[in-house]
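Have a look at the structure below before the remarks.
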Amino acid sequence: MESSAPRTAVIWQVLRRELARANRSLNILDVGGGTGGFAVPLAQAGHTVTVVDASPDALAALIRRAAEAGVGERVRAVQGDGDGLADLIAPESVDLVLCHSLLEVVDDPHKVVAALAGTQRPGGAASVVVASRAAAVLARAIGGHIAAAALLVASPDGGGDARDRLRRRYSAETATALLDGCGLAVEQVHGVRVVADLVPGTVAESEPEALAAFELVLAGTPPYRDIATQLHLLARRS
């Protein structure tokens with residue numbers, strides 16, 4: 001199973017622990033999972049994975065990737081949106097839900113999270129990755145775009161101007177409140193890409209293992225966690 005890339009090391013560490021905790025083959029749902037960066041390795045580890053994505057091209061690439069990896073029979077591709085999960089996935093049929101880099105762009109994040117929770121069996125886990133408002137503010141300020149940074153600070157939901165590709169961004173507190181409000185109790189919060197996006201590219205290429213290890217050291221520790229590019233939350237349905 002993939003795990004050592006600095007940019008995703010902490011996500012895989014949390015997922016490996018959750019899979020070890022279950023100690024059985026799981027029914028996994030990856031919403032917005034695209035071409036299968038997580039789905040295919042999870043299928044290779046013996047789990048059954050359904051990927052829901054709005055892009056037919058991404059799903060076609062997923063099917064090819066799964067077939068090439070020899071796990072085509074354990075990966076299912078479903079075209080659709082996160083807020084339509086009730087019509088796509090049977091209720092209380094999923095052990096683990098992945099929702100990575102999706103809540104920033106959907107029309108109604110509460111509706112999507114509620115739909116995620118509805119697919120989960122009691123005790124099921126949710127792996128959620130969201131963009132960090134603090135990181136975006138700092139990146140714009142360091143780049144000399146003070147007005148844009150100030151706009152992100154003042155925005156009620158962490159969105160920028162009309163050119164911003166993301167509708168909203170989160171803090172650990174606001175993301176936790178969103179999940180808790182939809183019946184998913186947050187157990188862990190980690191920073192993703194705390195320093196991986198800051199170091200020179202030559203460091204990432206020459207010392208990937210050291211960088212990944214450093215990411216893991218910082219990921220769960222405020223204030224470093226809170227300035228990461230993304231936040232990863234592991235939550236559980238009661």
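If you're wondering where the values come from, they're calculated on a predicted model, not measured in any experiment. Numbers here simply count residues along the sequence, with the first being 1.
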Quiz item: Is it the case that one hydrophobic cluster holds both V75 and V52, taking links as side-chain heavy atoms less than 4.5 Å apart, direct or via other members?
Solution: no
Could you pull out every donor-acceptor pair under 3.5 Å between side chains of residues 26-39 and any protein atom, sequence neighbours left out?
| unit_1 | atom_1 | unit_2 | atom_2 | d |
| --- | --- | --- | --- | --- |
| N27 | ND2 | S93 | O | 2.6 |

Quiz item: According to a 4.5 Å side-chain heavy-atom criterion applied to Ile, Leu, Val, Met, Phe, Trp and Tyr, with indirect links allowed, do L216 and L15 form part of one hydrophobic cluster?
Solution: yes
Quiz prompt | Test side chain to side chain contact (heavy atoms under 4.5 Å, CB included) applied to Q120 and L184, step by step | solution = CA-CA 10 Å; Q120 290 184 267; L184 297 176; 3.1 Å; yes
Quiz item: For V137, which fellow cluster members are found when Ile, Leu, Val, Met, Phe, Trp and Tyr are connected by side-chain heavy-atom distances below 4.5 angstrom, either directly or through intermediates?
Solution: L152, V153
Practice problem: List the atom of H232, the atom of S127, and the distance in Å for their closest heavy-atom pair. | Solution: NE2-OG, 2.7 Å
Quiz item: Under the side chain to side chain contact (heavy atoms under 4.5 Å, CB included) criterion, do L96 and L19 qualify, and how do the steps go?
Solution: CA-CA 9 Å; L96 173 64; L19 298 176; 4.2 Å; yes
Practice problem: Quick one: closest heavy-atom pair of A149 and A141, and the distance? | Solution: CB-N, 3.9 Å
Self-check item: Donor-acceptor contact below 3.5 Å, side chain E215 vs main chain A213
Solution: no
Quiz item: CG of D226 to OG of S171: how many Å apart, nearest 0.5 Å?
Solution: 8.0 Å
Practice problem: Might you point out which heavy atoms bring D180 and A185 nearest each other, and give the distance in Å? | Solution: OD1-CA, 3.4 Å
Quiz prompt | Heavy-atom donor-acceptor pair, R168 side chain to L103 backbone, under 3.5 Å | solution = yes
Exercise. Verify the cluster assignment for V14 and L218: are they in a single hydrophobic cluster under the rule of side-chain heavy atoms below 4.5 Å apart?
Key: no
Practice problem: Please tell me if the side chains of E92 and R237 come closer than 4.5 Å, counting only heavy atoms from C-beta onward. | Solution: yes
Quiz item: Is there any salt bridge (Lys or Arg N to Asp or Glu O under 4.0 Å) pair reaching into residues 32-42, and which pairs are they, with sequence neighbours excluded?
Solution: none
Quiz prompt | From H190 atom NE2 to L233 atom CG, the distance as rounded to the nearest 0.5 Å | solution = 10.0 Å
Quiz item: Nearest 0.5 Å, what's the CG-CZ distance between L231 and R193?
Solution: 11.5 Å
Practice problem: Enter the distance from R167:CZ to S155:OG here, rounded to the nearest 0.5 Å. | Solution: 13.0 Å
Self-check item: N/O donor-acceptor pair under 3.5 Å between T8 side chain and I11 backbone
Solution: no
Self-check item: Side chain proximity check, L234 to R17, heavy atoms < 4.5 angstrom
Solution: no
Quiz prompt | Inter-residue atom distance S132.OG - Q230.CD, 0.5 Å rounding | solution = 9.0 Å
Quiz item: Which of these, R236, R21, R121, sits in a salt bridge (Lys or Arg N to Asp or Glu O under 4.0 Å) with D95?
Solution: R121
Practice problem: State, to 0.1 Å, how close D157 and R133 come at their nearest heavy-atom pair, and which atoms those are. | Solution: C-NH2, 3.6 Å
Quiz prompt | Any H100 side-chain heavy atom under 4.5 Å of V192 side chain | solution = no
Quiz item: Do the side chains of R74 and V49 get nearer than 4.5 Å, heavy atoms only?
Solution: no
Quiz prompt | ILVMFWY network linking V105 to L179, side-chain heavy atoms under 4.5 angstrom | solution = yes
Quiz item: Of the options V51, L42, V129, L116, which is the one that meets L98 in a side chain to side chain contact (heavy atoms under 4.5 Å, CB included)?
Solution: L42
Quiz prompt | Partner residues of A177 under the side-chain contact (heavy atoms from CB on, under 4.5 Å) criterion, sequence neighbours left out | solution = none
Quiz prompt | Minimum heavy-atom distance A175-V130, with the two atoms named | solution = CB-CG2, 4.2 Å
Let me check something: any side-chain donor-acceptor pairs from residues 77-87 under 3.5 Å, sequence neighbours excluded? List them with distances.
| unit_1 | atom_1 | unit_2 | atom_2 | d |
| --- | --- | --- | --- | --- |
| Q79 | NE2 | A54 | O | 3.3 |

Which atom pairs, donor and acceptor, lie under 3.5 Å between side-chain atoms of residues 198-207 and protein residues at least two apart or in another chain?
| unit_1 | atom_1 | unit_2 | atom_2 | d |
| --- | --- | --- | --- | --- |
| S206 | OG | T202 | O | 2.7 |

Quiz prompt | Heavy-atom pair with the smallest gap, counting every atom of L151 and G160 | solution = CD2-C, 3.6 Å
Self-check item: Main-chain N/O of A131 paired with E104 side-chain donor or acceptor, under 3.5 Å
Solution: yes
Quiz item: What distance do E187 atom CD and E18 atom CD have between them, rounded to the nearest 0.5 Å?
Solution: 7.5 Å
Exercise. Only one of L138, D197, V195 passes side chain to side chain contact (heavy atoms under 4.5 Å, CB included) with T229; say which it is.
Key: D197
Practice problem: Following the transitive rule for hydrophobic clusters with a side-chain heavy-atom cut-off under 4.5 Å over Ile, Leu, Val, Met, Phe, Trp and Tyr, establish whether V97 and V186 coincide in one cluster. | Solution: yes
